[in-house]
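Since the structure comes first, as structure tokens, the remarks are kept for the end.
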Amino acid sequence: MRKLALSDEILLKIEKPARYIGNEVNMVVKNPEDVDVRFAMCFPDVYEIGMSHLGIQIIYDMLNKREDVFCERVYSPWVDLDQIMREQKIPLFAIESQEPISKFDFLGITLQYEMCYTNILQVLDLGNIPLKAIDRGEDDPIVIGGGPCTYNPEPIADFFDLFYIGEGETAYDELIDLYKENKKRGGSRKDFLEMAAKIECIYVPQFYDVTYQEDGTIKEMRKTNDAARDSVKKQIVIDFEKVSYPEKPLVPFIKVTQDRCVLEIQRGCIRECRFCQAGSVYKPLREKSLERLKYLAKTMLASTGHEEISLSSLSTSDYTELNELMDFLLEECKNKKINISLPSLRIDAFSLDVMSKVQDVKKSSITFAPEAGTQRMRNVINKGLTEEDILSGCEQAFKGGWNKVKFYFMLGQPNETEEDVDGIMDLCEKIAELYYETVPKEKRNGKCQITASTSFFVPKPFTPFQWAPMCTAKTFLEKAKRVNDKRKTLLNQKSIKYNWHESDISVLEGLLARGDRRLCDLILYIYEHGGIYDAWSEFHNQELWEEAIRVNNVDVDFYVTRARGEDEILPWDFIDIGVTKKFLLREWHNAMEEKVTPNCRMKCSGCGAARFGGGICYEN
């Protein structure tokens, strides 16, 4: 019987001890002595967030299907346990075996959000693993980064032995086989890194040097090891039908952020939204068949006992067999009292019909993401929505019994004018008016409730907007104030609520999203001076960040508010995602000219993703 890493005394002191003891339903149990490779899969945030992440469930299931590998999990300890572990010198441990992660062969860290970077250092530090890759010895785990933030790994390059660029189902088997081969012949850590660097999607930062021009831009990224590649190529799953998927997902004992079965119906997106990094890096769109999804839904619900199932996709409405899938799920779930969750739907007649079947219309709201208040701005960002689409969808929703509508907008997008900012509340006012015109007084469920939320635009790598300047924190707040002031002038202001994000965090996200290797010291300084859980507003210390920026001589405007030159070498240019820089530049010019690009099903735009040899590029 395994011994818990934390004593009863500690477990009784801390909040939610179930975060650390394991034994969840469907947890994999293996004898560490019986495997060749031990792999700790880490989500650098609290357990409830990490347990809700589909990617970790997929890799956990896939690696544990190998008899020679034991994949375990580790999450960032919450602040209460963090303090106790430091005081009592308790090493960070994996949940399954309760053994220190320093004993493992690999530590794989998923990188989902830039503001979690300080938590990466927390995990390494509490795990007794040297923070910088060059300081690690033969007995330390190989630290791997994966996930969306690896599309610009440079601001955290010093802390990782290697980065895996692309979808995790493709190259991990090869990587582990190379590790075993190297171990068998007594090879060194460096020998393994050189072998790994030959895999198309593996980036070993210590095998490259970066030099800079006098103006601070990159002069050259030069290889320092013959094993390093000129270009690191994203890997994706082409046969999305047969790819490994967890039929027995882990089920936690405590409530987590997304406490449900997750059915991934497709990967990628046909939309060409110019601000969206996921739309670029997950190209091309690939779908699972209806029969495969039916099988997975039934199997997961039976193996977990979950009372809710959610469809996962960047744009659920674009799944070609959604109608048939919904008929099946409604039939399957109605007698078992299982809820169906439908994110990412476009508001049209079909979607509203489906939502009315799965929601209590009187209690629920519908959510819509126009992203911009004016048609001009929606053309700039290539949202593919007209005002007529929006109003028509809302009218159908009101007729269907809904009176609560949530809208998501973005402020600070390229070429935004004051008229575009005002357009957010103009659109909300039109929708409120539409409600009172459409629904007779005797049929209303109270007044119309419109909630408009704005986030602040952050230009991301591998999007047409990667060259765009970003607003300052002050400008963002001025824009939010303008929206709020406009709301106060509206006839239907009592029906409209407005929320906005914190601007300081958005600027730091922009700094880390488009930064280079010179930011590693900044992140290290933050961590060494007590910064963790920066993704949580109650723990984020803006004064510490400002101090670190000053001490490390970081020019925030250089990284954040500066427009990039079209011929400039960008920190992530060595990564090949399939979508070409030529296409992204063309889309950047189209944005400036307010030209709309059709979606992938309407017409191929020649983005470059066809080179992968599958998906929507080959449907017809």
Side-chain angles (χ1 to χ4, degrees), residues 1-35 38-53 56-57 60-61 63-64 70-110 116 118-129 139-141 248-259 303-307 527 530-533 535-536 538-539:
M1 185 179 168
R2 67 183 190 142
K3 184 175 183 295
L4 291 178
L6 302 175
S7 67
D8 289 351
E9 184 187 2
I10 292 172
L11 289 170
L12 288 168
K13 260 187 208 174
I14 58 176
E15 187 184 330
K16 299 183 183 176
R19 290 168 170 159
Y20 312 105
I21 61 176
N23 273 339
E24 302 101 326
V25 175
N26 296 329
M27 186 183 93
V28 175
V29 179
K30 294 185 182 183
N31 183 349
E33 306 296 322
D34 295 340
V35 298
R38 298 188 69 182
F39 197 112
M41 193 75 220
C42 170
F43 195 100
D45 206 327
V46 73
Y47 176 89
E48 291 93 315
I49 305 286
M51 272 294 282
S52 303
H53 185 247
I56 285 201
Q57 294 257 16
Y60 180 82
D61 174 74
L63 291 182
N64 278 320
F70 187 13
C71 180
E72 305 183 44
R73 291 163 296 135
V74 60
Y75 306 99
S76 282
W78 191 238
V79 289
D80 54 355
L81 181 59
D82 176 281
Q83 185 182 345
I84 291 170
M85 292 177 81
R86 292 176 197 278
E87 289 168 355
Q88 301 191 19
K89 294 186 168 44
I90 300 168
L92 185 59
F93 52 91
I95 283 182
E96 278 73 4
S97 66
Q98 298 280 300
E99 292 185 1
I101 59 172
S102 58
K103 289 185 176 183
F104 284 60
D105 299 291
F106 290 96
L107 173 63
I109 303 177
T110 185
C116 287
T118 46
N119 276 43
I120 294 165
L121 299 186
Q122 177 211 25
V123 167
L124 294 171
D125 195 13
L126 290 176
N128 295 327
I129 299 166
D139 294 331
D140 290 312
K248 295 182 176 181
L250 288 152
V251 183
F253 290 129
I254 58 173
K255 186 165 180 56
V256 297
T257 311
Q258 293 186 23
D259 220 348
S303 69
T304 60
H306 273 308
E307 295 176 345
Y527 175 71
I532 55 170
Y533 281 103
W536 295 70
E538 62 263 46
F539 298 114

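Y60 carries R73 over the face of its six-membered ring, with the cationic atom under 6.0 Å from the centre and within 45° of the normal. For the pair R38 and F70, the cation does not sit on the ring face, since its NZ or CZ is not both under 6.0 Å from the ring centre and inside 45° of the axis.
Taking CD1 of I49 as the start and NE2 of H53 as the end, the distance is 11.0 Å to the nearest 0.5 Å. Taking CG of L92 as the reference point, atom OH of Y20 lies at 10.0 Å (rounded to 0.5 Å).
When each of E72, K3, R2, K103 is paired with S97, the side chain to side chain donor-acceptor pair (under 3.5 Å) condition holds for E72 and for no other.
Between F106 and F39, the ring-plane angle classifies as parallel under the 30° and 60° cut-offs.
Taking a cutoff of 4.0 Å between a charged side-chain nitrogen and a carboxylate oxygen, K255 and E48 do not qualify as a salt bridge. Salt-bridge formation is detected for the pair D82/R86: a Lys NZ or Arg NE/NH1/NH2 atom is positioned less than 4.0 Å from an Asp or Glu carboxylate oxygen.
In this structure, H306 has no side-chain hydrogen bond (donor to acceptor under 3.5 Å, both in side chains) partners at least two apart in sequence or on a different chain.
The two residues S76 and N119 have their closest heavy-atom pair at OG-ND2, 3.2 Å. Residues I129 and P141 share a closest heavy-atom pair of CD1-CG, 3.8 Å.
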Under the criterion side-chain contact (heavy atoms from CB on, under 4.5 Å), I'd like the reasoning laid out for L124 against I120: C-alpha separation, chi angles, the key distance, then a yes or no. CA-CA 6 Å; L124 294 171; I120 294 165; 4.2 Å; yes
What verdict does the side-chain contact (heavy atoms from CB on, under 4.5 Å) test give for E24 and I95, after you've listed the backbone C-alpha separation in whole Å, the side-chain angles of each residue and the deciding distance to 0.1 Å? CA-CA 10 Å; E24 302 101 326; I95 283 182; 4.2 Å; yes
